[in-house]
Each structure stands twice: as C-alpha cells, then as structure tokens.
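Please read these numbers as outputs of a predicted model, since none were measured by experiment. These numbers come from the heavy atoms of this one structure, side chains and all, not from hydrogens, waters or symmetry mates. The chains referred to below are lettered A, B, ... by the order of the sequence lines, with proteins before strands, and numbering in each begins at 1.
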Amino acid sequence: MEQQTSANGDPIVLVRDVYKEFHRDAITIPVLMGIDLELKARDFLALMGPSGSGKSTLLNLVAGLDRPTSGQVIVAGQDLGRTSEGELAKWRSRHIGFIFQLYNLIPVLTAYENVELPLTLTRLSRRQRDEHVKAALEVVGLSDRLHHYPRQLSGGQEQRVAIARAIATDPTLLVADEPTGDLDAKSAGEILDLMERLNQEFEKTIIMVTHDPRAAQRAKRLAHLEKGVLVDALPSQAETTARREASA
Amino acid sequence: MKSLKYIWRNVTRNKLRSSLTILSVGFSLALLTVLLGYMATQNLWGSEAKKYNRIVVMNTQGFAGDVPIAYVDRVRRIDGVLAAVPYMWFGGNYKAEQMPFSQFGTDAQQAFDVWSEFTIDPAQLEAWRNNRQGCVVDRRLAARRGWKIGEKIPLQGTYYQFNLDLELSGTFDSPQNTDTLWFHWKYLDEGLRKAEAIGEGNAGTIFAKVERTSRIPEVVEKIDAQFASSNNPTRTQTESAFAQMFVEMLGNIRTYMLAIGLAVVFSLSLVAANAMAMSMRERTTEIAVLKAIGFSRGRVLWMVLGESCLIGLAGGILGVGIGCLFLQVLNRLMPLQFPFQVHEIAGLWLAALLAIAAAIGLASGIVPAVRAAQQSVVNGLRQVV
C-alpha cells in the first residue's frame, strides 16, 4: 500500500463556514452552524459529541454523501458543493474509504469479493485487483479468511474486512462512523490498533466519529460538536503525550 | 461483466423467494407456450396440407349438407384428378370411451392414392380391400392401444344409427400422427340403408388428389361448376384452405384464449414485481453502501434490472421448457389436435416467448430499480449509522 502524502501541503479536508439544515414539512431544523475545520494529510481526527449534535452529518458532508446548505467543503482539492451527483460517485470511489458501525459487508459475497467490490469500479485488471485485495486483507490480518462469508466471521473480523474494503482502493481519506460501536472491548481495541497503524505506518488521513472516549484518545486530534457548533478542535491526549515526548 | 457475480448472488440470495418468482413467471409462460404451440400447430397443419396437392369437396352448406356418393366418380373423371375418395366422419364410441380417436369411412381402392405420403404393407392393404368389415389404423394409434392384426374393434354409432363391427386389417405410417381409423364407406352405407337410418348415400366430403399444384384452380372450378345447378352444389377448396377453415372456426376462441393467457402473464408479472420490490426494500442499506463506495445511479439501476431480467429469463426458460414438454405429451395423447412434435412447430414464437419472459423481468424490476437508483445514500445509511 502506498503511503499518503500531501503533495503541496494543502489540507486534505477544508470545511469553511458550513451550515446544514434539514426540512421536515414546513419545519427547518438547523444541524450544523458555521463549522470550520481543517485536516492535513496524515491527520487522525476523532469527532465527538452527544447524539444529534451533527457528527454524522458533518462526516457525510466530508465524505461527499451530502451537500452543505451553505459554506464550502473541499476534500482532496474538490469543492464538493459544486460537484454533480455522478461526479461525486466517481470521486468517492477514488478518494474515500468508508468504515461503518455495522460493517455493512455484502452478505452474499465472500471477504475477498467484498474487498474487491470497490475495485470493480476501477480500470484495474483482474490480476491487479487480486493483488490489491490480497494486500488489503494482509494488512488487516485476514489472509486466511479470503473465502469466508460475513456470516462465517466474528464481528471484529467483519469490521476488519470492512477496513480492508475501505483501504483497497488506497483512498485519500478514511471516514469511520462509530467503527467500534458494535464490538466488544477486545475487538474494539484491535480495530483501534489497526486504525492507528493505518494512520502511522501507512500515513492514512482518518476522520472518525465516536462516542467512546477511549477510542477518541487513539486519534491525534479531538473535536467536539455541541448542537451543531464545533466547540473545540484540540490535539488528543495521545498526541499531546507524543509531542511532549518528542520535544523532550 | 464485473458485476455479474454480484447479480447472480443476489438472484440466489433468497432461494425460496427467487424460486417462487421464477415458478410464477414459468407457469404463465408454460401456459402461453401451450397456447401458442396450439396455434402454431393449426398454422403448420395448413402449410403442410399445401404440399400434397389435395382438394376437399364439401356441400356449400358445409358439413350440414350432403355430398352424394355419385359425385365421387364424377370427380374422378375430371381431367387432372388422380384419385378421389369419399371421406365420411363417423364419430363412434369405442367400448366405454366417447369418440376416443378419429374414424372415417372411405374407399380402400384409392385412399392410399389420395394420401400418397402414407405407407402401408401391400399385403395388409390387400387384406383390407378384401374384408368388408376390415379397417386400417395409424400405426401409433394401434401401438398406443396395443391392437394387433385381426383385433376386433367395435364402434358404436352416435350420430349415425349403426354400429360398426370392425376387424383390424393393417396399420399405416404417416408423416404426423393422425390418430385415425379408416373403414369401408360401403360397409357403413349398407348398414344405414338396411336400418333405414339417416345418412345413406352421403359421401360426407370428397378428398381428391390433383396431378400438380398448378392445375388445382382449374380442377376446383370444374368440380364446382359441374355441381352448381344440382340439389347439392359444392364448395371445393384446397386441403390447406380446409384446414384453415377449422382455424378460423376457432377464431374468437383463439383470441379469448390468448387474452386469458396474457392476463395470467400480466397478473403474475405483478407478483414478480412485488417480490422484486420486497427484495430491494430489504437491501436499502446495502444499496446505500454500494452508492457510498462509488457505484453510480446508472450502475445500480442496471444491476437491479439485470437481476430482475435474469429471474424473468430463468422463469421463461423453465416455462417454455415445461410448455414444450406438455405439447409433446399432448402430441402423444391427443394427436388429432396436436399432430406435430415440438421440433416441427418450433419457430420464432418460442424465441418471442423468451423475450416476453425477459420483458416481464424488466418490467417487474423497473420500479424497484429506479427507486434504488434514486435512493438517497444518507437516508439509506441512516438505518445503521
């Protein structure tokens, strides 16, 4: 897997004065209010906040699944608010890797086929796809589960296959929505180890929504959302400790 | 092509539901196959009849009017006619069975000249000619009933008030199973005369063999002109037109049958559409995930349509297969109505049925496919995130 670098030092994610509203009949529900956020290459941001604070909405905007009501979301150099639906789909296949709380693997496909799925959208040959799939499954430590169906895997293994699917296309940004929310403590720890490794060893830029403070501590930066407003975006405890150690 | 595996896995995902959907499409297509097969049989009967230069002489009033037996000799004498025979439908019961096969009174001397494509052992033909109560039957009819030469075949008159006590003199071979028994017209006529029953002296119809196709119009005109001013004027037509007449008699019935068949196809298409919609509803999140990782609306649309088409086509292949099998069974059991085997009547209509099956699949998948393609990714994922 290639290491992710920022070619010119520009931020991978740039969110500027973003507002997002939803409409239910005649009622307007403001969800995000004037969000500003910046993520550089190799950042690992944990996004925390109570339910309904707008974490998932912000994640969806950054992942190109939704558009802001106003403001600008630029990811990997692409202004997502100005991109058509069809172009966004193509853009996501190249730049975004998704990790969901409930893994969301396709139950009728094997681990290998699930990981291969996003690669079928590329121009890679069958052999090249095979190499990518095996490399991704190797990274998550499931080389021996290639032909297992999701129902034949544990929750932790399923999430690892989902991570392999997310990294198979070598995307610019990994977005994870409560990746450990459905796992026991041991499996959750393994998944967080894996995500840390992806960030540190493979230099992947990650944005992760979580409720779990222990999960958030694994990130380099921590941001809190309260009622649609970003109240702080600070280095996490892990990052602070690392910086102290580095300066010492 | 890369998505084919996924499409196939989705088809086989819920085996019970897919099987039932395939069966529902298959049932309607099997029904249509039998209906269209029957129509193809009728059409082929007409075109087959064109090959043999045969004409049929009837009373202008159709089967209700008589064709005097004296007309047979007068037809034979017309230039261009090679042979002519009376051909009188009997319609008798055999033991406890009501009209289980066709029975015609004809002339043993010329019958195999008129139906020159039929073959019979000369010794058996001679035996029939020399036995007043003798009869010959299609070999397949004899085989089905286990009749041997010398078998007594009693036929109880239904329309004609005379019972025939026949003895099997021989069996003949014909290109298609005719399911027919021929006996001496004279035997019946003498019986009717003795019993003073209705029908004596009536040839029923006259079948004649014409020298060549080009002479048929001239011969037909001569025959009808000859009897035009008699008490029993005739209407002569080619055997093909005669066959077509039966098809036309079924005209409305054919339309009704086809309409019912299409109604069944339509209603079962709705069943298939419902199954497809259910399947898609269950996969809302999965489709959202596909779109999230970059599958375009168009690709999702074609994947769903591909799945529904595959189900429709599988139902079509199954249904057409079952329908053909059924036609083959009908050919054995009801050879008079279904004289041709499937390979003889097979044509573009079979391909059209498969196209209909694919179209059913396509139609049943359109609404779920469009919904899946238009579904918002965020809403689809909301169920789980």
Output the distance between atom CD1 (B/I293) and atom OG1 (A/T120), rounded to the nearest 0.5 Å. 7.0 Å
Are there residues of residues 260-271 of chain B that reach to under 4.5 Å of chain A by heavy atoms, and which ones? none
Here the pair of heavy atoms bringing A/R92 nearest to B/A292 is NE-O, 3.0 Å
If contact means a heavy atom pair closer than 4.5 Å, which residues of residues 296-328 of chain B contact chain A? B/S296, B/R297, B/R299
Quick check: are there more than 12 heavy atoms from other residues, nucleotides or ligands sitting under 6.0 Å from CZ of B/F27? no
If you define the side chain from C-beta out and look only at heavy atoms, does anything of A/F98 sit under 4.5 Å from B/V289? no
Closest-packed option against chain B by number of heavy-atom pairs under 4.5 Å, given A/A166, A/P118, A/G97, A/P107: A/P107
A/A162: partners by side-chain contact (heavy atoms from CB on, under 4.5 Å), with sequence neighbours left out: A/Y103, A/L105, A/Q159
Is the number of heavy atoms from other residues, nucleotides or ligands within 6.0 Å of CD (A/E138) greater than 12? no
Could you tell me which portion of A/L109 (side chain, backbone, both or neither) has an atom closer than 4.5 angstrom to a non-hydrogen atom of chain B? both
Is there side-chain contact between B/R283 and A/I106, with at least one heavy-atom pair below 4.5 Å? no
Examine whether an atom of A/R165 lies under 4.5 Å from a heavy atom of chain B, and if so say whether it belongs to the side chain, the backbone or both; otherwise answer neither. side chain
Enumerate by number any residue of residues 7-23 of chain B whose heavy atoms lie under 4.5 Å from heavy atoms of chain A; in the absence of such residues, state 'none'. B/R9, B/N10, B/R13
So with a 6.0 Å cut-off around CZ of B/R371, is the heavy-atom count from everything else above 12? no
So which of A/E85, A/E113, A/R129 has the biggest tally of heavy-atom pairs under 4.5 Å with chain B? A/E113
With a 4.5 Å limit on heavy-atom distance, are the side chains of A/L65 and B/L381 in contact? yes
Side-chain heavy atoms of A/L117 within contact of B/L290, under 4.5 Å: yes
